[in-house]
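To start, the structure itself, in structure tokens.
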Amino acid sequence: MQSLTLANGREIPQLGYGVYTMTSAEVEKHLPEAIAAGYTHIDTANAYFNEVAVGRAVKASGMRREDLFITTKLFPQSYPYEQCSVDIDASLERLGTDYVDLMLFHQPYGDYVEGWRAMEEAVDAGKARAIGLSNFPVHKVEQILEVARIKPAVIQVEINPYWNQHALKKALAERGLADAVFEGWYPLGHGDEALLAEPVFRELAEKYGKTPAQVVLRWHIQEGNVVFPTSRNPEHMAENIDIFDFALTEDEMARIDALPQHCYYTVPEEPPAFVLARNDYSKQA
Ligand code: NAD
């Protein structure tokens, strides 16, 4: 396993396990399989409604807390300052832990500017080791930077070979976030078979004795991305973590970077209905 160093000096494992779309029962079945396969980095969110199950699976694993990297995320209903600290505590309670390694604002809407102060206070209080932003466009990151005492250590956005985010990385580096770590969601294209069937991935898989998914994940690692593909299949879990014994050449990286670019999901400027809906995250199986 390779790690990157966050702005707070702590290490983040570059490959993790994401639990988006998984029910609590699925988390309790598959997260132990992932931990047994060697995963130590878990990405969840309030909005996944499975933090309680993540907490139970972590506890049952017998792993020491300091050997795990746990991320969760808050939805916009939690951003108003007073609410934010209450909801951070509620997340920790559901996860059964005193702190998360990373807390993110999940969506770029609502009171994120005032909420950021509560996130910084969570760092001061040791409740979040690092804080960051997910799905924020450049101009909304700039609004946070105008008030930030602690800059976002992590930017989590869609990243895959069809949407490499080179422009966003450059734009944020120019705005003082050159040390931010980028995490990529939909790292394997969210199940899009066309991505894994791209001739370049088939050819490189053949060359290195790997699968197309492993070549895509290796590209992420060499791009400096942190990724946490979702899988309910132990064979895929083992495959996805077995990418540290080969390296793509510069030419091969350039061929992948030359793929036509298009995102799977455009983050709208205004909040979509699913973001405006208020949820009771205490109601979890
Ligand atoms: P993904 O690209 O990880 O795709 C998952 C799909 O790939 C599943 O259908 C799985 O069966 C398949 N797969 C996994 N390993 C494979 C392999 N070796 N070979 C072939 N197929 C394989 O997309 P995702 O699951 O949507 O995203 C990963 C994680 O990113 C999520 O669990 C979540 O933690 C995070 N995420 C965050 C946001 C956000 O808004 N911040 C949005 C989406 C996802």
Side-chain angles (χ1 to χ4, degrees), residues 12-24 26-27 29-31 33-34 37 39 41-51 53-54 69-76 95 100-109 112 131-137 140 152 154-165 168 181-198 201-202 205 208 210-221 225-243 263-268 271-272 274-275:
I12 179 168
Q14 231 181 323
L15 194 87
Y17 185 71
V19 295
Y20 175 46
T21 69
M22 291 175 76
T23 63
S24 293
E26 286 176 319
V27 166
K29 177 166 164 40
H30 299 300
L31 181 51
E33 294 167 350
Y39 291 80
H41 171 176
I42 305 158
D43 183 89
T44 184
N46 289 180
Y48 301 170
F49 280 93
N50 56 24
E51 289 171 302
V54 167
F69 189 103
I70 302 177
T71 299
T72 196
K73 319 184 189 83
L74 301 174
F75 236 47
L95 287 163
V100 285
D101 297 277
L102 175 63
M103 178 74 74
L104 300 174
F105 277 171
H106 201 155
Q107 296 285 347
Y109 309 108
Y112 50 83
I131 49 179
L133 301 172
S134 181
N135 299 311
F136 277 58
K140 293 184 181 179
V154 167
I155 301 293
Q156 184 179 124
V157 285
E158 177 183 338
I159 313 180
N160 51 63
Y162 286 152
W163 198 235
N164 59 36
Q165 295 282 18
L168 179 70
V181 165
F182 280 77
E183 296 187 334
W185 53 259
Y186 287 9
L188 292 172
H190 194 57
D192 175 17
E193 286 173 14
L195 176 65
L196 298 182
E198 283 285 350
F201 297 128
R202 291 190 172 191
Y208 290 107
K210 294 286 180 183
T211 65
Q214 288 174 310
V215 174
V216 171
L217 293 172
R218 183 68 211 177
W219 170 84
H220 278 289
I221 297 299
N225 301 331
V226 169
V227 285
F228 19 78
T230 313
S231 177
R232 295 164 177 82
N233 174 344
E235 280 174 25
H236 283 166
M237 291 176 202
E239 182 181 318
N240 294 348
I241 207 169
D242 180 22
I243 53 169
C263 62
Y264 288 103
Y265 177 73
T266 303
V267 178
F274 78 93
V275 171

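All ligand and atom numbering here is 1-based and tracks the order in the structure.
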Only heavy atoms count here, so choose which of [options] is nearest to [atom].
atom                    : options                       : answer
atom 16 (C) of ligand 1 : Gln107, Met237, His236, Met22 : His236
atom 14 (C) of ligand 1 : Thr230, Ile42, Thr44          : Thr230
atom 6 (C) of ligand 1  : Gly191, Gly184, Ala45         : Gly191
atom 33 (C) of ligand 1 : Tyr20, Tyr186, Phe105, Tyr264 : Tyr20

Below the 3.5 angstrom mark, is there an N/O of [X], backbone or side chain, next to an N/O of ligand 1?
X      : result
Leu196 : no
Lys73  : no
Ala213 : no

Is a donor from one side chain sitting under 3.5 angstrom from an acceptor on the other, for [X] and [Y]?
X      : Y      : value
Gln156 : Asp43  : yes
Glu33  : His30  : yes
Lys140 : Tyr109 : no

Query raised in the report: Is Tyr39 reaching over with its side chain to a backbone N or O of Met237, donor-acceptor style, under 3.5 angstrom?
Result: yes
Query raised in the report: Taking the non-hydrogen atoms of Tyr48, is any one of them nearer than 4.0 angstrom to ligand 1?
Result: yes
Report task. Please identify each residue that fulfils side-chain contact (heavy atoms from CB on, under 4.5 Å) with Phe49, with sequence neighbours left out. Result -> Asn279, Tyr281, Gln284
Top protein contact for [atom], by heavy-atom distance:
atom                    : value
atom 36 (N) of ligand 1 : Trp185 CB, 3.3 Å
atom 34 (O) of ligand 1 : Asp43 OD2, 2.6 Å
atom 15 (N) of ligand 1 : Asn240 ND2, 3.0 Å
atom 2 (O) of ligand 1  : Leu188 N, 2.7 Å
atom 29 (C) of ligand 1 : Phe228 O, 3.3 Å
atom 4 (O) of ligand 1  : His190 CA, 3.3 Å

Using 0.5 Å steps for rounding, measure from the [atom1] atom of [X] to the [atom2] atom of [Y].
X      : Y      : atom1 : atom2 : result
Glu183 : Asn225 : CD    : CG    : 9.5 Å
Leu133 : Tyr112 : CG    : OH    : 9.5 Å
Trp185 : Tyr265 : CH2   : OH    : 7.0 Å

Which part of [X] is near ligand 1, with near meaning a heavy atom under 4.0 Å away: side chain, backbone, both or neither?
X      : result
Asn135 : side chain
Glu158 : neither
Val227 : neither
Glu239 : side chain
Ser134 : side chain

Requested in this report: Return the minimal non-hydrogen interatomic distance between Pro187 and His220, and the atom names on each side.
Outcome: O-NE2, 2.9 Å
Requested in this report: Give a yes or no on this: more than 12 heavy atoms of other residues, nucleotides or ligands lie within 6.0 Å of atom CZ of Arg232.
Outcome: yes
Report task. Classify the angle between the aromatic ring planes of Phe105 and Phe136 as parallel (below 30°), tilted (30 to 60°) or perpendicular (above 60°). Result -> parallel
Query raised in the report: Using 30° and 60° as the class limits, which term best fits the ring planes of Phe75 and His106: parallel, tilted or perpendicular?
Result: perpendicular
Query - Which of the ligand 1 atoms, numbered from 1, are nearer than 4.0 Å to a heavy atom of Gly18 - result: 32 (O), 34 (O)
